[in-house]
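Just so you know, ligand 1 is whichever comes first in the structure, and atom 1 is the first atom listed for that ligand.
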Amino acid sequence: MNTEPLARSEPTAVGIAAFFTVPENIISVQPHGCGLINDSYLVRCHAGEAFLLQRLNPVVFPEPAKLMNNLRRISEHLSHKARTTKLDPGRQIIRLLPTRIGEDCHYDRDNACWRALNFIENSRVLTRITAEEQARAAGVALGRFQALIHDLAPSQLYDPLPTLHVTPCVVRAYDEVAAISTVTGPEAELSFCHNFIQHRRTTAAVLEQARARGVLPERVIHGDPKLSNILFAHDSDLPLALIDLDTVKPGLTQYDVGDCLRSCCNRAGENPADPDEAEFDLDLARALLIGYFEEMRALLTYSDFAYFYDAVRLISFELGIRFFNDYLSGNCYFKVADPEHNLRRALTQFRLTASIEAQETRIRLIVSELT
Ligand code: GN1
Ligand code: MG
């Protein structure tokens, strides 16, 4: 096979796609999705075929080989489930598609890692939840994924981001960056964020202390079960799959449940025009938890239930700090549309945290009613 033209191609998506399939097979390569870290493209091919092409962000994921190992391990686990149990993963199985020379991925001349994954057709993502049925479906998607991987030993996976979802580490990172940041911005908003963090920093260890005491077990978690990582059927509110397996890692189930709740139960979404629009919706939370418990109830302990309130409060707080840290560091981690984007994102998550705190009693009641 003549690979001469490919070897000279630019590190652009169109050029890179040709490392995964012959160029004549490609119809189009279009940017896809709204991820804040990696670049994704949908490659449409002849005969109705399509695949997802992704460039891993080398700043966030400096050891792509280990990440690819995780992906292979999870994919094998889900395939095994499909063959041997009634827990049918359906369309959950995300598969790596090899390059034309049989490698897992392609490294471009800047040494960035590109990979191809199967594309799940007839699916859609929701930008916001508009109905309780959708929230229930989101809970089912998370619960089904967790149930499928509950017997995958955490020790089998590499931790791609060891400080992610360990909130005290995120607060420590804030202390470091706040001490040296030279970023100047709107005074009132900056003070609001600093004060918000100061008033709550002593609560940052609530889940980690429970982990250290052995109250909460370490499991494999998805790590990023936000709304835009849940695939729904294109013509109904049926959940198809939880995608984006880059942050699957050893951790606490609570962070996953909290993340799914904070992302799905805020009707204003992650990017409202005004951060004050963020609000935690109890009806959506109840519906989501009903769906989640349908799939996961038998695998949870009473202690797990006891920490779900802390989880949703903490993960919103943690994500707010992460956005704020990035703002203070000059926006080098999350993609931004403008220099204040991360500040608005942080404010949104902090408003959401405050809304969750204001409804603590009712959230705890919902969890206990469903326990
Ligand atoms: C990032 O890349 P993406 O969009 O899937 C982030 C998550 C955040 C999320 C907020 C590796 O996810 O932790 O919760 O943005 N992923 C990483 O939208 O930091
Ligand atoms: Mg992600």
Side-chain angles (χ1 to χ4, degrees), residues 31-41 52 54-64 66-68 70-71 74 94 112-113 115 117 125-129 138 141-142 145 157-167 169-170 173-174 220-231 241-252 254-266 268-272 275 278 311-327 329 331-337 341-353:
H32 185 79
C34 52
L36 306 191
I37 307 287
N38 299 326
D39 300 327
S40 300
Y41 302 87
L52 212 57
Q54 290 185 311
R55 176 188 181 272
L56 293 177
N57 181 326
V59 174
V60 176
F61 299 117
E63 296 185 276
K66 292 182 174 172
L67 205 72
M68 300 299 278
N70 275 5
L71 192 53
I74 301 153
I94 292 173
C113 175
R115 67 176 177 208
L117 306 170
V125 290
L126 306 176
T127 47
R128 295 177 199 198
I129 290 224
L142 175 63
F145 181 82
L157 294 180
Y158 152 79
D159 190 337
L161 295 167
T163 61
L164 178 75
H165 304 328
V166 182
T167 313
C169 293
V170 177
Y174 160 76
V220 174
I221 65 169
H222 179 275
D224 192 10
K226 62 177 178 179
L227 183 58
S228 58
N229 282 338
I230 299 171
L231 284 191
L242 197 52
I243 54 170
D244 181 4
L245 304 182
D246 292 333
T247 46
V248 174
K249 58 180 244 151
L252 298 177
Q254 277 66 24
Y255 286 112
D256 266 2
V257 175
D259 204 25
C260 197
L261 282 167
R262 71 113 200 124
S263 162
C264 295
C265 305
N266 168 19
E270 225 168 76
N271 285 295
V312 63
R313 194 197 70 80
L314 198 62
I315 201 83
S316 312
F317 181 48
E318 179 190 289
L319 184 58
I321 304 174
R322 293 175 63 211
F323 284 139
F324 192 49
N325 285 355
D326 200 29
Y327 175 74
S329 319
N331 304 317
C332 34
Y333 186 98
F334 296 107
K335 290 179 190 171
V336 288
H341 197 167
N342 273 321
L343 180 59
R344 288 195 305 282
R345 285 173 174 151
L347 287 166
T348 303
Q349 292 306 312
F350 290 153
R351 300 286 184 198
L352 185 63
T353 308

Could you check ligand 1 for N or O atoms lying under 3.5 Å from protein N or O atoms and list the pairs with distances?
| unit_1 | atom_1 | unit_2 | atom_2 | d |
| --- | --- | --- | --- | --- |
| ligand 1 | 2 (O) | L36 | N | 3.4 |
| ligand 1 | 2 (O) | I37 | N | 3.3 |
| ligand 1 | 4 (O) | L36 | N | 2.7 |
| ligand 1 | 4 (O) | K226 | NZ | 2.6 |
| ligand 1 | 5 (O) | D224 | OD2 | 2.8 |
| ligand 1 | 5 (O) | D244 | OD2 | 2.8 |
| ligand 1 | 12 (O) | D224 | OD2 | 3.0 |
| ligand 1 | 13 (O) | R322 | NH1 | 2.8 |
| ligand 1 | 13 (O) | R322 | NH2 | 3.3 |
| ligand 1 | 18 (O) | K226 | NZ | 2.7 |
| ligand 1 | 18 (O) | E270 | OE1 | 2.6 |
| ligand 1 | 18 (O) | E270 | OE2 | 3.3 |
| ligand 1 | 19 (O) | R322 | NH2 | 2.7 |
| ligand 1 | 19 (O) | Y333 | OH | 2.6 |

Inset, instruction - Could you grab the distance from atom SG of C264 to atom CG of L126, nearest 0.5 Å is fine? - result: 8.5 Å

Legend entry - Student check: side-chain heavy atoms of K249 and I221 closer than 4.5 Å: yes

Legend entry - Spatial distance of atom OG (S316) from atom CD (Q349) [nearest 0.5 Å]: 5.5 Å

Legend entry - Approximate separation, where rounding is to 0.5 Å, of Y255 OH and T247 OG1: 14.0 Å

Inset, instruction - To the nearest 0.5 Å, tell me how far L319 CG sits from D224 CG. - result: 9.0 Å

Inset, instruction - Enter the distance from D256:CG to F145:CZ here, rounded to the nearest 0.5 Å. - result: 8.0 Å

Legend entry - Residue and atom names of protein N/O/S atoms that fall under 2.8 Å from the Mg ion (ligand 2): D224 OD2, D244 OD2

Legend entry - Distance-only polar pair, side chains of N271 and H341, donor-acceptor under 3.5 Å: yes

Inset, instruction - Compare all side-chain heavy atoms of L56 with those of D246 and state whether any distance is below 4.5 angstrom. - result: yes

Legend entry - Test item: side-chain donor near acceptor, N325 and R322, under 3.5 Å: no

